[in-house]
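Numbers restart at 1 for each chain; the letters A, B, ... are given by sequence-line order, proteins then strands. Keep in mind that this is a model prediction, so the values were computed, not measured.
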There are 2 protein chains.
Amino acid sequence: MMKYETVANDLKGKISGGTYAANSQLPSMGELCDMYGVSKITIKKAMDELEQAGLITRRRGSGSFVKKVIPQSNKLSNYELSSQMMGFCGEHSNTGEKVESVVHDFSVICPPSDVAECLGMDEDQFAYHIIRVRLADGKPLAIEYTYMPIDVIPDLRKKTLYASIYEYIEGDLGLKIDSAHRIVRAVMPTAEECDWLSITEDEPLLEIEQVGYLDDGTPFEYSVSKHPDSYEFRSISSK
Amino acid sequence: MMKYETVANDLKGKISGGTYAANSQLPSMGELCDMYGVSKITIKKAMDELEQAGLITRRRGSGSFVKKVIPQSNKLSNYELSSQMMGFCGEHSNTGEKVESVVHDFSVICPPSDVAECLGMDEDQFAYHIIRVRLADGKPLAIEYTYMPIDVIPDLRKKTLYASIYEYIEGDLGLKIDSAHRIVRAVMPTAEECDWLSITEDEPLLEIEQVGYLDDGTPFEYSVSKHPDSYEFRSISSK
DNA sequence: AAGTGGTCTAGACCACTTC
DNA sequence: AAGTGGTCTAGACCACTTC
């Protein structure tokens with residue numbers, strides 16, 4: 001076993017064991033070098049592993065932080081491995097298409113307990129509840145059901161929903177979006193969803209359940225998006 | 001722009017431009033150090049990028065090789081980014097479940113032209129065609145439609161299909177499976193598939209189209225698998 | 001100014017493949 | 001034995017954040 005693996009495994013154990021609690025800061029790379037008696041690059045590589053596994057986030061100039069992590073599903077399903085994926089960019093158009101939104105709900109509520117748990121909220125705390133249909137060049141591409149804690153993303157206005165919430169978060173609020181944990185499924189649309197997406201009831205949808213994290217490890221978004229037909233989800237697996 | 005990015009971009013250009021052709025070997029790390037005037041770790045990091053992007057595979061002791069890459073879909077779909085995913089382990093049981101297979105077809109044919117293209121085959125070359133239903137503890141978890149070139153995976157027998165083809169490839173043939181490129185969609189089952197999976201016609205399936213690569217960059221498998229209900233596809237995206 | 005993580009070097013040593 | 005990629009070091013320097 002390589003040194004970086006030894007360090008990574010030890011740190012994983014200490015995170016799941018609670019020595020390093022959710023949202024807490026890890027020792028700096030220099031301190032970890034001393035603690036494990038290895039060089040900085042070895043620590044770096046070990047922390048790369050933790051980041052890939054979705055356990056921590058890192059901020060240059062600030063430090064590394066333990067993520068508040070998704071509750072594990074108890075489905076005996078996915079016998080293929082959990083996975084790691086790069087390329088998070090919200091849902092900006094990257095092909096010059098014109099992206100619009102139709103807002104079907106925008107309210108502040110106490111989220112269901114499973115959503116609250118994903119977001120690290122108490123059950124009596126408030127979150128925005130947003131239902132949007134996203135269109136590219138007038139064609140419906142997705143329905144998004146989103147919850148965001150009001151104290152993590154303050155002062156969200158309806159106007160922002162027609163543009164990009166992510167730009168509001170990164171631009172106006174000066175926060176940094178770091179990563180997302182996703183689960184993909186196939187589902188059938190409801191009657192309402194057929195209406196919103198202009199599809200028939202026999203067209204399946206690709207559902208993506210997602211928890212988004214800021215760069216300090218705080219979950220800022222729980223969302224379920226459902227995509228018709230033309231949507232594909234691509235990935236490259238290695239090793 | 002960091003040095004490793006400069007190197008990575010240059011190499012990407014030379015791969016897509018044909019200077020380094022599919023299945024050819026890249027210069028060694030030492031040679032690349034000299035060519036770019038940078039240290040070995042910088043070259044390593046640049047090549048990590050290429051590997052993540054699915055462009056090359058690397059073999060300790062042998063060298064780095066350009067992959068024969070998936071033809072790009074011309075769908076204007078997935079406006080989220082293409083992605084990178086770790087954790088390829090065939091479909092072994094990792095939870096102690098008993099995995100079985102029902103073989104519905106096992107023949108040798110000339111594959112359709114799009115499949116041949118993915119596998120880097122001429123249209124008049126032969127491939128195995130396999131249809132299997134995979135069961136875990138007696139419960140149907142997937143249908144797999146698989147093509148494998150007979151000259152890449154020689155002497156495949158029906159007996160192997162009831163166990164793990166991957167174990168045959170890695171164990172008996174001594175080849176090494178390196179990576180897979182995947183596309184995920186939601187689809188409806190055919191009548192035949194409902195029968196095989198013991199589901200009704202209104203249950204959507206998660207479809208995973210996949211090209212598998214050996215560690216020398218050779219595509220060895222084109223497969224489409226379709227999963228009912230209980231299957232989930234997980235990923236963690238970063239940055 | 002002090003502290004953080006990120007990049008980079010030059011070189012050592014190792015694991016593995018090929019001949 | 002020679003060549004490949006992978007790990008690791010000790011230290012320099014940089015970009016960025018926090019105070």
Mind listing the N/O atom pairs, protein and nucleotides 12-19 of chain C, below 3.5 Å?
| from | atom 1 | to | atom 2 | distance (Å) |
| --- | --- | --- | --- | --- |
| dA15(C) | O4' | Arg60(B) | NH1 | 2.7 |
| dT17(C) | OP1 | Lys176(B) | NZ | 3.2 |
| dT17(C) | O3' | Ser62(B) | OG | 2.9 |

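- Nearest approach of Ile177(A) to Glu170(A), heavy atoms of both residues: N-OE2, 2.9 Å.
- Taking the six-membered ring for Trp and thresholds of 30 and 60 degrees, His181(A) and Tyr213(A) have ring planes inclined between 30 and 60 degrees apart.
- For His227(B) against Leu141(B), the heavy-atom pair with the smallest separation is ND1-O, 3.3 Å.
- Arg134(A) and Ser101(A) share a side-chain donor-acceptor pair at under 3.5 Å.
- Taking every heavy atom of both residues into account, Arg58(A) and Met47(A) meet most closely at NH1-CB, 3.3 Å.
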* To do: Give the dot-bracket string for DNA chain C, reading 5' to 3', where a pair is Watson-Crick or G-U wobble with both distances under 3.5 Å, ( ) marks pairs inside the strand, [ ] marks pairs crossing earlier ones, | marks a partner on another strand, and . marks unpaired.
  => ||||||||||||||||||.
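- Of the candidate nucleotides dT9(D), dT9(C), dG5(D), dT9(C) has the atom lying nearest to any side-chain atom of Val38(B).
- Pairs engaging residues 147-160 of chain B under the salt bridge (charged side-chain N to carboxylate O under 4.0 Å, His left out) rule: Asp155(B)-Arg157(B) [sequence neighbours left out].
- In this model, the phosphate group of dT4(D) is not approached by any side-chain N or O of Arg58(B) to a distance below 4.0 Å at OP1 or OP2.
- Contact between Pro154(B) and Leu173(B) at its shortest, heavy atoms only, is CD-CD1, 3.9 Å.
- Less than 4.0 Å separates DNA chain C from no heavy atom of any residue of residues 21-32 of chain B.
- Scored by the ring-ring contact (aromatic ring centres under 6.0 Å, His included) test, Tyr147(A) finds His129(A) as partners (sequence neighbours excluded).
- Between Tyr4(A) and dC8(D) there is no side-chain polar atom (N or O) within less than 4.0 angstrom of OP1 or OP2.
- Applying a 4.0 Å cut-off to non-hydrogen atoms, the residues of residues 41-50 of chain A that approach DNA chain C are Ile41(A), Lys44(A), listed by residue number.
- Atom CE of Met1(B) and atom P of dT7(C) are 14 Å apart (whole Å).
- Here the CD-CD1 distance, from Glu209(B) to Ile183(B), works out to 4.5 Å after rounding to the nearest 0.5 Å.
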* To do: Show your reasoning for whether side-chain contact (heavy atoms from CB on, under 4.5 Å) applies to Thr146(B) and Tyr128(B).
  => CA-CA 8 Å; Thr146(B) 306; Tyr128(B) 303 108; over 6 Å; no
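- There is no side-chain donor-acceptor pair under 3.5 Å between Asp114(A) and Tyr222(A).
- Taking 4.5 Å as the limit, every side-chain heavy atom of Val66(A) sits out of range of all side-chain heavy atoms of Asn23(A).
- Using a 4.0 Å cut-off between charged nitrogen and carboxylate oxygen, Asp216(B) and Lys67(B) do not count as a salt-bridge pair.
- The distance from atom CG of Asp34(B) to atom C1' of dA10(C) is 13 Å, rounded to the nearest whole Å.
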